[in-house]
Amino acid sequence: MQKSLLKQETYPDWFFKQLYQITRIVKLKVVIVMMFSSLIGMLIAPSYVQDISKISSGITGISLAACASAALNHLFDKDEDKKMKRTQNRPLAKDKLSPITAKTFAVFSIILSTALLWTLNNPLCATLTLATTIGYSILYTKWLKPTTPQNIVIGGLSGAMPPLLGWCSLTGNITVEPLLLVLIVFSWTPAHFWPLAIAHKNDYAKTKWPMLPVTHGITFTKLSIIAYALLTTISTLMPFCIRMTGHLYLSVACILNLRWLYLCKKLWEDTNTASGLFKFSIYYILIIFFLLLLDHKTPVPYV
């Protein structure tokens with residue numbers, strides 16, 4: 001009897017602790033960035049398709065899919081996470097959350113996301129969002145990440161999809177404007193992630209993941225960062241070239257690119273600046289997307 005009462009008293013505490021651990025495995029900061037980029041995709045769409053109910057359901061459905069992807073990433077990586085100082089305190093790595101709970105949450109979120117987007121938005125958005133979730137959770141985490149040092153390049157396509165998903169959630173089609181945003185994020189991702197990989201090279205060396213600084217060395221990784229930073233610079237100028245944005249976007253984007261390339265040069269000279277470059281790259285992409293919204297030109301209606 002006493003044990004039963006004890007269980008009743010402690011169950012709410014257990015439930016809220018589990019709920020807190022779930023918020024940790026969904027990578028809220030990453031989800032917020034994805035929500036932001038998908039919202040940009042919606043807000044640059046033609047004004048005649050911008051409906052508040054579709055925007056709400058689109059953001060909710062895409063966010064649920066992003067949460068599910070993050071949870072599955074934590075689940076599949078839990079054994080390797082235990083080996084790294086940066087990740088060893090994650091809930092699944094520390095056995096603070098049951099794998100069954102994480103899997104149940106992820107599956108439920110995927111089903112709810114697909115159903116929501118299919119019924120309240122359109123089948124194209126639902127299909128692309130589901131494919132993105134599978135691409136990140138299975139193709140990247142289970143296959144690419146442990147087999148090739150180019151994992152972040154190929155797998156980065158999944159992380160680049162939110163602007164297109166946002167656009168599709170309202171328009172039901174695919175056009176050049178959102179594809180350019182995908183290209184920007186796709187080319188930005190390796191140059192954003194590899195400085196972090198350099199800073200945590202010794203940690204990654206303990207795992208089965210063939211990260212570029214471990215397999216090819218820091219010098220080659222620095223060259224790769226510069227190459228992708230240059231590719232990103234070119235990509236960010238393309239919206240202006242197709243008259244998708246105006247001179248305000250062009251001016252600030254050029255300043256940001258000069259700063260980023262300067263920090264890449266600093267990284268080439270001093271490896272200890274890797275963390276600083278990684279942090280700047282986050283502000284870089286957020287400002288670029290904010291500028292795209294602030295200075296975008298309304299596209300011609302599609303017949």
Side-chain angles (χ1 to χ4, degrees), residues 30 32-51 54-55 58-59 62 66 124-125 128-129 132 152-193 225-264 277-278 280-303:
V30 176
I32 290 171
V33 172
M34 289 189 172
M35 287 173 62
F36 174 72
S37 57
S38 63
L39 181 62
I40 298 300
M42 295 175 184
L43 296 180
I44 67 168
S47 57
Y48 66 88
V49 299
Q50 291 179 3
D51 176 79
K54 284 193 172 184
I55 289 175
I59 286 289
I62 295 168
L124 177 61
C125 179
L128 286 175
T129 303
T132 300
I152 195 64
V153 177
I154 308 169
L157 181 59
S158 296
M161 287 293 285
L164 178 61
L165 301 180
W167 174 283
C168 286
S169 70
L170 301 187
T171 66
N173 61 30
I174 299 174
T175 60
V176 67
E177 290 89 351
L179 288 176
L180 272 184
L181 271 61
V182 171
L183 176 62
I184 290 170
V185 180
F186 177 74
S187 58
W188 164 85
T189 301
H192 156 71
F193 175 79
I225 290 170
I226 293 171
Y228 276 95
L230 289 169
L231 180 60
T232 307
T233 297
I234 296 169
S235 300
T236 56
L237 299 181
M238 291 179 70
F240 177 79
C241 294
I242 67 165
R243 298 183 180 178
M244 178 181 169
T245 59
H247 287 87
L248 173 63
Y249 170 84
L250 177 64
S251 301
V252 182
C254 286
I255 293 171
L256 284 171
N257 283 316
L258 286 172
R259 176 63 178 170
W260 197 16
L261 293 173
Y262 170 76
L263 291 176
C264 289
L277 178 58
F278 170 77
F280 174 80
S281 67
I282 298 173
Y283 294 112
Y284 170 92
I285 198 67
L286 290 175
I287 296 172
I288 286 290
F289 269 66
F290 178 75
L291 286 167
L292 282 163
L293 174 61
L294 187 66
D295 196 32
H296 82 281
K297 310 297 181 184
T298 303
V300 177
Y302 296 95
V303 178

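Only a predicted model underlies this, so the values are computations on that prediction, with no experimental measurement involved.
In terms of heavy-atom proximity, Ser235 sits nearest to Leu183 at OG-CG, 3.7 Å. Across all their heavy atoms, Gly166 and Ile62 have their closest contact at N-CD1, 3.8 Å. Considering all non-hydrogen atoms of both residues, Phe186 and Ala160 come closest at N-CB, 3.6 Å. Closest approach of Cys264 to Ile226, counting heavy atoms only: CB-CG1, 4.1 Å. When all heavy atoms are compared, the tightest approach of Val185 to Gly159 is CG1-O, 3.9 Å. The minimum heavy-atom distance between Ile184 and Ser187, with the atom names listed, is O-OG, 3.1 Å.
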Start with the C-alpha distance between Thr189 and Ile152, add both sets of side-chain angles, then the distance that settles side-chain contact (heavy atoms from CB on, under 4.5 Å), and finish with yes or no. CA-CA 7 Å; Thr189 301; Ile152 195 64; 3.9 Å; yes

Assess whether side-chain contact (heavy atoms from CB on, under 4.5 Å) is satisfied between Leu293 and Phe289, documenting all intermediate values. CA-CA 6 Å; Leu293 174 61; Phe289 269 66; over 6 Å; no

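Note: Leu263 CG to Leu258 CG = 11.0 Å, rounded to the nearest 0.5 Å. The distance from atom CD1 of Ile225 to atom OG1 of Thr232, rounded to the nearest 0.5 Å, is 11.5 Å. Distance check, rounded to the nearest 0.5 Å: CG of Leu294 to CD1 of Ile287 gives 12.0 Å. One distance of note links CH2 of Trp167 with CD1 of Ile174; it measures 11.5 Å at 0.5 Å rounding. To the nearest 0.5 Å, the span separating CE on Met244 from CE on Met238 amounts to 11.0 Å.
Using a 4.5 Å cut-off on side-chain heavy atoms (C-beta onward), Arg259 and Phe280 make contact. Ile40 has its side chain out of reach of Phe290: every pair of non-hydrogen atoms, C-beta onward, lies at least 4.5 Å apart. Side-chain contact between Ser169 and Lys54: absent, with no pair of heavy atoms (C-beta onward) separated by less than 4.5 Å. Looking at Cys168 and Leu124, their side chains come closer than 4.5 Å, going by heavy atoms from C-beta outward. Counting heavy atoms from C-beta on, the side chains of Leu165 and Thr132 come closer than 4.5 Å. A heavy-atom distance below 4.5 Å is found between the side chains of Leu181 and Ile44. Leu292 has its side chain out of reach of Glu177: every pair of non-hydrogen atoms, C-beta onward, lies at least 4.5 Å apart. Counting heavy atoms from C-beta outward, Ile55 and Leu39 have side chains that approach closer than 4.5 Å.
No donor-acceptor distance shorter than 3.5 angstrom exists from the side chain of Ser38 to the backbone of Pro163, with no hydrogens or angles considered. Gln50 places a side-chain N or O within donor-acceptor distance of the main-chain N or O of Leu43, the cut-off being under 3.5 Å. When atom types are taken as modelled, the side chain of Trp188 and the backbone of Ser281 share a donor-acceptor pair closer than 3.5 angstrom.
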All N/O donor-acceptor pairs, side-chain side in residues 246-257, below 3.5 Å, sequence neighbours left out:
| unit_1 | atom_1 | unit_2 | atom_2 | d |
| --- | --- | --- | --- | --- |
| Tyr249 | OH | Thr236 | O | 2.6 |
| Ser251 | OG | His247 | O | 2.8 |
| Asn257 | OD1 | Thr233 | OG1 | 3.4 |
| Asn257 | OD1 | Tyr284 | OH | 2.5 |
| Asn257 | ND2 | Thr236 | OG1 | 3.0 |
| Asn257 | ND2 | Ala253 | O | 2.9 |

